[in-house]
Structures are given as C-alpha cells and as structure tokens.
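Structure record follows, encoded as structure tokens.
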Amino acid sequence: LKAEALARIAETNDRKELQTIRVAYLGKKGSITGILKGMGKLPKEERPVIGEVANHVRESITEAIEQKNETLEQQALEQQLMNETIDVTLPGRPVPKGGAHLLTKIVKEIEDLFIGMGFEVREGPEVETDYYNFEALNLPKHHPARDMQDTFYITNELLLRTHTSPVQARTMREYEGNKSVKMICPGKVYRRDTDDATHSHQFTQIEGLYVDKDVRMSDLKGILDVFAKKLFGIDREIRLRPSFFPFTEPSVEMDISCKVCHGKGCSVCKGTGWIEILGAGMVHPNVLSMAGYDPEVYTGFAFGMGPERIAMLKYGVDDIRQFYTNDKRFLKQFHTI
Ligand code: FA5
C-alpha cells in the first residue's frame, strides 16, 4: 500500500490529483484510515505491530504528499513569475500630452516682451459700452469712422468690443489724470467681418498705451522697432504708413517685412513683401482730456496689434481659421515651440 501510494504521489504533477490521492489513503474513508479504524477488531497481540506499521505508512504518505505539494506550489509560482515577466526593453506606450495653443503662446511671448520694457498687463470687458468702445475714443454717435469696424450690438448701448482700445480709456480713468500709464491689454474682440484667410469675426488684439509727460512719436517708433526685432529677428524691418484712427493723431499702420513667402503671391503677404500687423499713433488730445488728462501736460502713444497675424507671419500659418478650427494636426506642430 505504501509503495503504491508513494509511486502515485511521485508520478503526479497536478495539485488536484495530489489531493485526490490524499483523500484515497488518508481521508475519512481512505485505505490507511480504514486499517487504523479496523484495529479494534484485531487480536490483541497483533494490534501494536499492525498499529506501528500503519502509523508509519501514514506518516510516510503524509510527508510525501506535503513535499510534493510544496514542490508543485513552487513550480506554479515559478511558472506564474515567468508568465508575468516584464520585458523592460520593450518601447513604452507614449502618453498623449496636450500643450498650450499657438495663440496663447504668442500672446504670452508678446506680453513678456512688453513686461520687459516696463509695461503692466491689464484686462477689460468683452461686452463693452458704446461709450468706451467709441465715444471715449473720439468717435461720437453717427461719426462716419464707426463704420470702420462693423459692430455686433447687443442693445443700443451695449456691444461686443470691436477692439481693445476701450481699455485705454478705462485705464486712464482709473489713473485719474495724474499718473503715467504704461500698459498692454490682450483680449478677444469681435467684428462683423467676413471670414477669410486673414480675417476672422472673432480675433485677438493686444492694446498698448504709454502716457507720460513728453512722450513722443520717436518713442513709439523705437518701442515698435525693438518689439519687431525681438519677436521676429534682428534682420526684420518695420515701416510706418500714414493712416487714420479717430483716437490718435497722427496715426500710422505698421507693416513688417514678410519673409514667409518671399513676397511672391502668398495669402499672408498678398505678394507685397510686407504685412500689416498693427495700428498706432499719438493719443488724440480729445481722448486724453475725456479721460481726465491735460493734453497740455501729458502726451502718449497707443497701438493695437493682431497676434493671430503675428503668429501667421512668424510660423508661416497661411490661414487665420486654423487658429479656431482646432485641427489637432495643426495644433500639435506647435507643442514644442
Ligand atoms: C484697431 O482696431 C485700432 N484700435 C488699433 C489702434 C490702437 C490704433 C491704438 C491706434 C491706436 P485695426 O482695425 O486696424 O485697428 O486693427 C488692428 C489690428 O487687428 C490689425 O492690424 C490686424 O492685425 C488685426 N485685425 C483687424 N481686423 C482683423 C480681423 N478681422 N481678423 C484678424 N485680425 C484682424
């Protein structure tokens, strides 16, 4: 019986089967248990002999089963570890990462540049009053120049601001006519423009305003030149063309030399080799006095630029609508800049 049991134990490689073997020999109805139970029926003198043998056989089988069980457990563990081995040489799965939008980045870059020249960054409301968007900027009701910016009106008096210039008037008001102002203001603006490659009905502007005693046109030109060279490179040129804005006198528009398409028939530079990126000028005396500044004492310059156009120029984006359609293939290109 012992030899038979040990042979079965040695042969098996399965823990379930081992359990079956254990039950067959050592279980309640197992053969060894049966022998031990039957001891009472044996003649007295045989009991110690048979008892000793039976106990010995039971111990051997128990020990063999325990050892086998341990071996099988060990094997199972090794197998499991093998199956779960991590191949550290496999390339990892990339985790998709987002990034700031190109427009956010260019606005931040321009902000940093002006902060470096001593400007503070301010904000103003996108839903604006007719007063600040137009009247405080020397554009009384029914002034023909209001047509320069086709406006989304909400009520008679409320509108979506068509430019960031109202923040000029708001800031000067806050400074109460007796402090120098040196600020920029980025933000969204809205116009009933027909969307095309260089126009959007909602776009971004960055306003700039510097008011102090003795601020001159040459200061404006100097700041804009530094701005253009820092943003686009030392080899870039600017040109100021006479223009008209009711809130500045004299007024200019600034073009920057266009290297993207070398002047030949591309939509960004319209084949001229120059692209307009901002309007500017010396703050009109009426605007200063409406905001509480004495134009005899204070002078100032202001500018308003379109960062989308600037980003288009800097990164060769040929359609402004790319900024708003959120095509990931477009956006991803700028995650690393
Ligand atoms: C203005 O809005 C003036 N407020 C700028 C200004 C400020 C002049 C302070 C003087 C003093 P303009 O309409 O030209 O000006 O717009 C300024 C810039 O916004 C343009 O140079 C252009 O870069 C951008 N821009 C204008 N219209 C659009 C549009 N529809 N889509 C995208 N960018 C535009």
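We number each residue from 1, following the sequence as shown. Whatever order the structure lists them in is the order used to number ligands and atoms, beginning at 1.
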Discussion item. Both conditions, 6.0 Å and 45 degrees, for the charged tip of R170 above the ring of Y132: are they met here?
Written reply: yes
Counting only heavy atoms closer than 4.0 Å, does ligand 1 sit against the backbone of [X], its side chain, both, or neither?
X	result
H201	neither
T248	side chain
F247	side chain

Worksheet item: Are E4 and Y25 close enough that a side-chain donor and a side-chain acceptor fall under 3.5 Å?
Response: yes
Give the atoms of ligand 1, by number and element, whose distance to some non-hydrogen atom of [X] is under 4.0 Å.
X	result
Q168	9 (C)
T198	31 (N), 32 (C)
E276	14 (O), 20 (C), 21 (O)
D193	29 (C), 30 (N)
I277	21 (O), 23 (O)

Discussion item. In terms of relative ring orientation, are Y298 and Y293 parallel, tilted or perpendicular, with 30° and 60° separating the classes?
Written reply: perpendicular
Could you identify the single nearest non-hydrogen protein atom to [atom] and state the distance to 0.1 Å?
atom	value
atom 13 (O) of ligand 1	R191 NH1, 2.8 Å
atom 27 (N) of ligand 1	F203 CZ, 3.3 Å
atom 15 (O) of ligand 1	F245 CE2, 3.4 Å
atom 17 (C) of ligand 1	Q205 NE2, 3.4 Å

Worksheet item: Quick one: are the ring centres of H101 and F330 less than 6.0 Å apart?
Response: no
Practice prompt. Ignoring angles and geometry beyond distance, decide whether H199 reaches within less than 3.5 Å of ligand 1 through its nitrogen or oxygen atoms.
Written response: no
Item to complete: May I ask which of S165, G304, G279 has a heavy atom nearer to atom 4 (N) of ligand 1 than the others do?
Response: S165
Worksheet entry | Option whose closest heavy atom lies nearest to atom 31 (N) of ligand 1, chosen from A280, S200, P166 | S200
Discussion item. Using the side chain to side chain contact (heavy atoms under 4.5 Å, CB included) criterion, which residues pair with P43? Sequence neighbours excluded.
Written reply: E45, E46
